[in-house]
There are 2 protein chains.
Amino acid sequence: MAMFEEQAITASDKAFFKLRKEIVDGVILSGSKLSETELSTRYAVSRAVVREAINRLEACHLVERKANVGARVVSLTPEGLIELYQVRESLEGMAARLAAQNMSEDEIADLNTLLNSQSEEVKTAELYYQEAGDLDFHYRIIQGSKNAYLISMLVNGLYHLVRMYRVQLGMAGPRVTSAFDEHKNIVQAISLRDSELAEMLMRRHIMYSKNNIKAKLQS
Amino acid sequence: MAMFEEQAITASDKAFFKLRKEIVDGVILSGSKLSETELSTRYAVSRAVVREAINRLEACHLVERKANVGARVVSLTPEGLIELYQVRESLEGMAARLAAQNMSEDEIADLNTLLNSQSEEVKTAELYYQEAGDLDFHYRIIQGSKNAYLISMLVNGLYHLVRMYRVQLGMAGPRVTSAFDEHKNIVQAISLRDSELAEMLMRRHIMYSKNNIKAKLQS
DNA sequence: ATTCGTTATTTTGTCGACAATATGCTTTTT
DNA sequence: AAAAAGCATATTGTCGACAAAATAACGAAT
């Protein structure tokens with residue numbers, strides 16, 4: 001899996017990664033308050049590094065902070081999910097368009113082999129694909145866009161929120177095979193350098209995904 | 001002008017706004033280093049608040065920071081400008097689409113009166129329109145999307161960078177009247193609740209704008 | 001009993017100092 | 001003379017303490 005490792009240099013980095021993980025995984029409950037003093041004792045670091053970590057989490061929309069009051073983990077709502085997926089549709093659509101223009105032939109080949117290897121897994125272990133494989137696919141296209149803002153906004157920003165929704169709403173849906181076919185079509189469009197089509201297919205792919213989750217949310 | 005005032009509560013807020021303004025306006029040169037100690041003496045605050053301000057600037061892509069080394073103001077490059085406008089096209093296109101769906105009739109009416117008032121100014125004082133009027137128009141549509149992520153990413157994030165490019169590349173272009181017509185068409189699409197068309201027109205509008213700036217950049 | 005005002009406590013915001021890391025300079029070696 | 005090693009300096013990262021603000025607790029008045 002081509003999951004790029006972010007490596008922590010400072011103590012703030014470590015605190016940030018740890019906190020982010022706990023929030024995304026639901027260890028720290030959605031909507032709960034983040035006490036700076038409590039966290040600093042729990043992580044055995046100063047309040048300064050906790051503060052910096054929280055600031056960074058605010059930048060990725062994982063916590064909300066009010067001046068002189070404190071920070072809370074964002075609460076997951078159906079409206080928030082819709083809005084998140086609208087932005088995803090917009091940004092990842094553009095990413096697919098740019099990927100069709102900017103990905104190297106080698107990168108496209110890698111993407112194809114990835115899909116083929118997943119093709120086997122889809123028939124057997126469906127769960128694996130849905131979680132990691134889907135992410136890997138989307139990550140590669142985002143990277144393939146070669147657009148620094150796009151990459152940063154999605155990878156460092158929104159995707160953790162997306163994962164948070166997925167984890168905490170327990171997404172292990174029946175959309176595995178259909179999503180796989182959509183992936184294949186997108187890669188084909190990219191292979192043909194048809195940026196227009198690639199964007200369109202990616203947008204639809206994310207729309208379907210949104211509708212799928214929305215349905216789950218109401219059940 | 002419906003420019004929403006962000007009000008500074010803490011000292012970090014004030015430092016953040018001040019620093020951001022100086023960077024966008026080019027008072028602090030693009031590419032230069034931001035010394036925490038120097039800034040803390042210049043602003044007469046502690047290093048902690050300067051650090052927090054710099055962290056926030058990093059989140060809006062106005063500075064780049066390396067661990068244990070420091071922060072530098074981003075340098076403006078043609079490639080960066082292109083990438084920025086690609087993201088703008090994507091996000092503001094979606095904003096226009098959502099605005100067509102979600103803006104109230106009153107808000108649309110306001111937008112129309114804004115355009116009509118600008119219609120006068122275009123014939124006389126062209127400069128005013130280009131700077132403030134154009135921003136006002138785009139801000140209203142972004143707000144009209146009613147999508148919190150979209151609004152935050154554009155207004156708190158990318159738009160300061162957009163303004164930085166505009167200010168420092170000296171944009172007072174001859175695109176005034178044509179842009180005005182494009183604005184009119186977008187508003188009309190929104191009035192008709194034609195979200196598809198609104199998105200398409202907005203994307204083209206931003207593409208034209210990009211090409212205009214790109215041409216200026218090479219001259 | 002409930003509401004309002006006051007006080008006490010907790011939490012965040014800010015500060016200055018120390019530790020750790022990187023940068024620049026001098027010295028030494030080949 | 002050039003490159004490398006070591007030292008000095010400056011800058012960032014981290015810490016604990018104090019100041020300011022908000023929340024909670026308490027008591028008084030209606």
Side-chain angles (χ1 to χ4, degrees), chain A residues 5-23 27-75 152 156, chain B residues 5-23 27-75 152 156:
Chain A
E5 316 283 335
E6 332 165 81
Q7 57 179 352
I9 303 177
T10 70
S12 292
D13 293 339
K14 282 198 274 281
F16 171 57
F17 293 147
K18 210 167 193 171
L19 238 178
R20 188 179 61 187
K21 182 167 170 50
E22 294 196 18
I23 289 173
V27 177
I28 300 176
L29 291 174
S30 154
S32 64
K33 188 168 189 309
L34 293 176
S35 164
E36 294 182 2
T37 50
E38 187 208 316
L39 288 171
S40 72
T41 55
R42 242 183 73 200
Y43 290 164
V45 288
S46 86
R47 263 186 59 220
V49 329
V50 172
R51 272 181 76 82
E52 191 171 324
I54 292 179
N55 278 331
R56 287 210 248 170
L57 290 169
E58 190 188 12
C60 14
H61 303 273
L62 286 173
V63 313
E64 284 165 348
R65 150 169 281 179
K66 259 189 278 186
N68 288 315
V69 174
R72 308 192 80 85
V73 179
V74 293
S75 35
S152 168
N156 303 131
Chain B
E5 317 282 335
E6 331 165 80
Q7 57 181 353
I9 302 177
T10 71
S12 293
D13 293 339
K14 282 197 274 281
F16 171 57
F17 294 147
K18 210 168 192 172
L19 238 178
R20 189 179 62 188
K21 182 168 171 46
E22 294 196 19
I23 288 173
V27 176
I28 299 177
L29 290 174
S30 153
S32 64
K33 187 168 191 309
L34 292 176
S35 164
E36 294 182 1
T37 50
E38 187 208 315
L39 287 171
S40 72
T41 54
R42 241 183 74 200
Y43 290 165
V45 289
S46 86
R47 261 185 60 218
V49 327
V50 171
R51 272 181 75 82
E52 190 170 324
I54 291 178
N55 278 331
R56 287 211 249 170
L57 289 170
E58 190 187 12
C60 19
H61 303 273
L62 286 174
V63 314
E64 283 164 349
R65 148 172 282 179
K66 259 189 280 187
N68 287 316
V69 174
R72 309 192 78 85
V73 178
V74 294
S75 36
S152 168
N156 303 131

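Quick caveat, the model's predicted, so the values are computed rather than measured.
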Open item on the list: With the threshold set at under 4.0 Å for non-hydrogen atoms, list the residues of residues 45-72 of chain A touching DNA chain C in residue-number order.
Closed with: R47(A), R51(A), A67(A), N68(A), V69(A), G70(A)

- [ ] State whether the side chain of R72(A) and the backbone N or O of G31(A) hold a donor-acceptor pair below 3.5 Å, judged by distance alone.
- [x] yes

Task: Derivation and outcome, side chain to side chain contact (heavy atoms under 4.5 Å, CB included), residues R20(B) and L57(B) - done: CA-CA 7 Å; R20(B) 189 179 62 188; L57(B) 289 170; 3.8 Å; yes

Task: Closest non-hydrogen atom pair between S32(B) and L29(B), with its separation - done: OG-O, 2.6 Å

- [ ] Give I9(B) one of three labels, base, sugar-phosphate or nothing, depending on what nucleic acid heavy atoms sit under 4.0 Å from its own.
- [x] nothing

Task: CD-CD1 distance between E36(A) and I54(A), expressed to the nearest 0.5 angstrom - done: 5.0 Å

Task: Over all atoms of both residues, closest heavy-atom pair of L39(B) and L19(B) - done: CD1-CD1, 4.0 Å

Task: ring-ring contact (aromatic ring centres under 6.0 Å, His included) contacts in which one or both residues fall within residues 51-75 of chain B, not counting sequence neighbours - done: Y149(A)-H61(B)

Open item on the list: Taking the axis from the first five pairs and the axis from the last five, what angle separates them in the helix from dA1(C)-dT30(D) to dT30(C)-dA1(D), rounded to 10 degrees?
Closed with: 20°

Task: Ionic contact status for E52(A) with R51(B), cut-off 4.0 Å - done: yes

TODO: Return the minimal non-hydrogen interatomic distance between V63(A) and I23(A), and the atom names on each side.
DONE: CG1-CD1, 3.8 Å

Open item on the list: Can you give me the first and the last nucleotide of DNA chain D (5' to 3') that has an atom within less than 4.0 angstrom of a non-hydrogen atom in chain B?
Closed with: dT11(D) to dT14(D)

Task: Listed once per pair and sorted, the ring-ring contact (aromatic ring centres under 6.0 Å, His included) pairs that draw on residues 34-53 of chain B, sequence neighbours left out - done: none

Task: Under 4.0 Å protein heavy-atom contacts per nucleotide of nucleotides 5-10 of chain C, with B for base, S for backbone only and - for none - done: ------

Task: Separation of dG13(C) C1' from K14(B) NZ (nearest whole Å) - done: 12 Å

Open item on the list: Taking atom NZ as the centre, does K21(B) end up with more than 12 heavy-atom neighbours from other residues, nucleotides or ligands that are less than 6.0 angstrom away?
Closed with: no

Open item on the list: Restricting to non-hydrogen atoms, name the atom on T37(A) and the atom on S40(A) that form the minimum distance, rounded to 0.1 Å.
Closed with: O-OG, 2.7 Å

Task: Closest non-hydrogen atom pair between S75(B) and S30(B), with its separation - done: CA-OG, 3.2 Å

- [ ] Considering non-hydrogen atoms only, spot the tightest contact between I9(B) and K14(B) and give its length.
- [x] O-NZ, 4.4 Å

